2 protein chains.
Amino acid sequence: MNNRQGSLTELEGAILSEIHHRGASTAFKVRKAFQESMSLEWRGSAGAVYPAIRRLTDRGVIDAAETGSGRGTVLLSLTPQGVAVMEDWICDAERAASVGLDPFRLRSGMWDRLPPVRKAEAMAALRRTVEAEIAALRQYVVSLDPIERPRIELAISLQLTRLDWLDGQRAS
Amino acid sequence: MNNRQGSLTELEGAILSEIHHRGASTAFKVRKAFQESMSLEWRGSAGAVYPAIRRLTDRGVIDAAETGSGRGTVLLSLTPQGVAVMEDWICDAERAASVGLDPFRLRSGMWDRLPPVRKAEAMAALRRTVEAEIAALRQYVVSLDPIERPRIELAISLQLTRLDWLDGQRAS
DNA sequence: TTACTCATGTAACAAGTTACATGATTTA
DNA sequence: TAAATCATGTAACTTGTTACATGAGTAA
């Protein structure tokens with residue numbers, strides 16, 4: 001989590017991308033965007049977003065221009081250096097290719113060790129919940145812009161893989 | 001992250017499972033197991049594992065029995081309540097079915113917005129890295145016990161899905 | 001004028017990270 | 001006896017979380 005020279009946290013990278021690609025001009029709007037659409041990964045908590053933007057501004061990758069409006073609105077944009085840093089973050093193949101944190105995968109070897117009845121209940125509940133997630137994601141995906149759509153499509157693929165895996169377990 | 005009544009962090013749940021299912025009897029061995037085989041998700045840092053075990057012991061779900069050996073070895077086991085708490089964690093369908101944190105998915109909408117040359121380079125590097133990950137996982141999976149194997153098989157499935165997705169991008 | 005939205009942020013807390021400190025026992 | 005391994009842990013730090021505080025502008 002050391003934040004020196006060039007490396008960004010996932011949240012920081014996402015914030016830069018949001019500002020650059022979607023022209024989200026204020027911290028408030030960035031937060032809103034995270035809360036509404038990226039809620040899969042983060043909550044967009046004020047206590048995370050505002051400090052992150054402060055860090056990025058201090059590092060010179062975000063330019064914060066006060067508007068003098070009564071609401072205290074501060075317009076955010078990327079400096080040229082910020083664009084470079086953002087692109088490096090997007091193109092970091094090592095990080096992009098790492099498997100990440102997956103609560104399903106983490107538990108996947110343990111369901112089989114449960115008492116039989118408990119296991120059967122758990123698998124059934126799991127299947128229902130995954131199916132519900134897929135339905136929700138499918139309904140959600142139609143309304144999305146080009147940045148968000150792949151994210152949700154990949155989430156659907158992940159859930160379908162889980163469903164397949166659950167089928168395989170039932171067969172064995 | 002509030003840790004009251006029944007709820008466990010992912011690390012805490014994994015620790016309980018490790019102790020119960022694999023009979024990992026000391027904090028040291030739990031750490032080792034995380035470092036060696038679960039490194040996909042965590043580092044098994046001392047600063048995470050020891051405090052987590054302390055929390056679980058204080059909550060009465062782990063029984064810590066000192067052996068009086070010169071090395072200060074403390075044998076860990078689950079209390080009956082601990083087994084119940086662990087099973088609840090394993091069977092938590094809401095959490096198991098959530099998509100988790102995925103650095104690939106997070107970036108997936110952004111590669112398309114890069115300058116064409118940069119994009120082509122990034123996609124090529126990504127493909128190479130994902131393929132290397134798959135090769136490494138396939139080599140690794142043969143040597144695993146029944147708890148670990150599904151985890152790695154699902155990681156391979158995830159990487160294959162990514163590869164498919166990259167193919168789809170190249171086609172369009 | 002009341003309520004909602006825009007807009008900023010801080011404080012207390014949770015739970016990871018690395019790096020360090022300490023010492024006993026076993027193996028080469 | 002020197003090095004590796006077993007075994008415990010703490011300290012400083014990072015970066016998330018929720019909950020709270022403050023206030024201006026806008027729409028009912």
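None of these values were measured; they are calculated from a predicted model. Convention: sequence-line order gives letters A, B, ...; per-chain numbering from 1.
Note on B:Arg54: nothing from the nucleic acid sits closer than 4.0 angstrom, heavy atoms only. At a threshold of 4.0 angstrom between heavy atoms, the contacts of A:Ala27 are confined to the sugar-phosphate backbone, with no base atom among them. Within the 4.0 angstrom heavy-atom criterion, base atoms lie near A:Gly47. A:Ser45 comes within 4.0 angstrom of a base, heavy atoms only.
OP1 or OP2 of C:dA7 has at least one side-chain nitrogen or oxygen of A:Thr73 nearer than 4.0 Å. A close approach under 4.0 Å does occur between a side-chain nitrogen or oxygen of A:Arg43 and OP1 or OP2 of D:dT18.
The CD-P distance, from A:Glu10 to D:dG16, rounds to 9 Å in whole Å. Across the protein-nucleic acid pair, B:Leu101 atom CG and D:dT15 atom P stand 15 Å apart, rounded to whole Å. Nucleotide C:dT8 holds its P atom 11 Å from the CZ atom of A:Arg71, rounded to whole Å. Between the CD atom of B:Gln35 and the C1' atom of D:dA7 there is a distance of 13 Å, rounded to whole Å. Protein atom CG of B:Leu76 is 14 Å distant from nucleotide atom C1' of D:dC6, rounded to whole Å. The separation between B:Phe28 atom CZ and D:dT10 atom P is 17 Å, rounded to whole Å. B:Ile53 places its CD1 atom 15 Å from the C1' atom of C:dA15, with the value rounded to the nearest Å. If you take CD of A:Glu36 and P of C:dT5, they are 11 Å apart, rounded to a whole angstrom.
A 4.5 Å side-chain heavy-atom check between B:Ile90 and B:His21 finds at least one atom pair inside the cut-off.
Under the 4.0 Å criterion applied to side-chain N and carboxylate O atoms, A:Arg149 and B:Asp112 are not assigned as salt-bridge partners. Using a 4.0 Å cut-off between a side-chain N of Lys or Arg and a carboxylate O of Asp or Glu, A:Asp102 and A:Arg107 do not qualify as a salt bridge.
Of the possible polar contacts, none joining the B:Arg105 side chain to the A:Ala155 backbone as a donor-acceptor pair under 3.5 Å is found.
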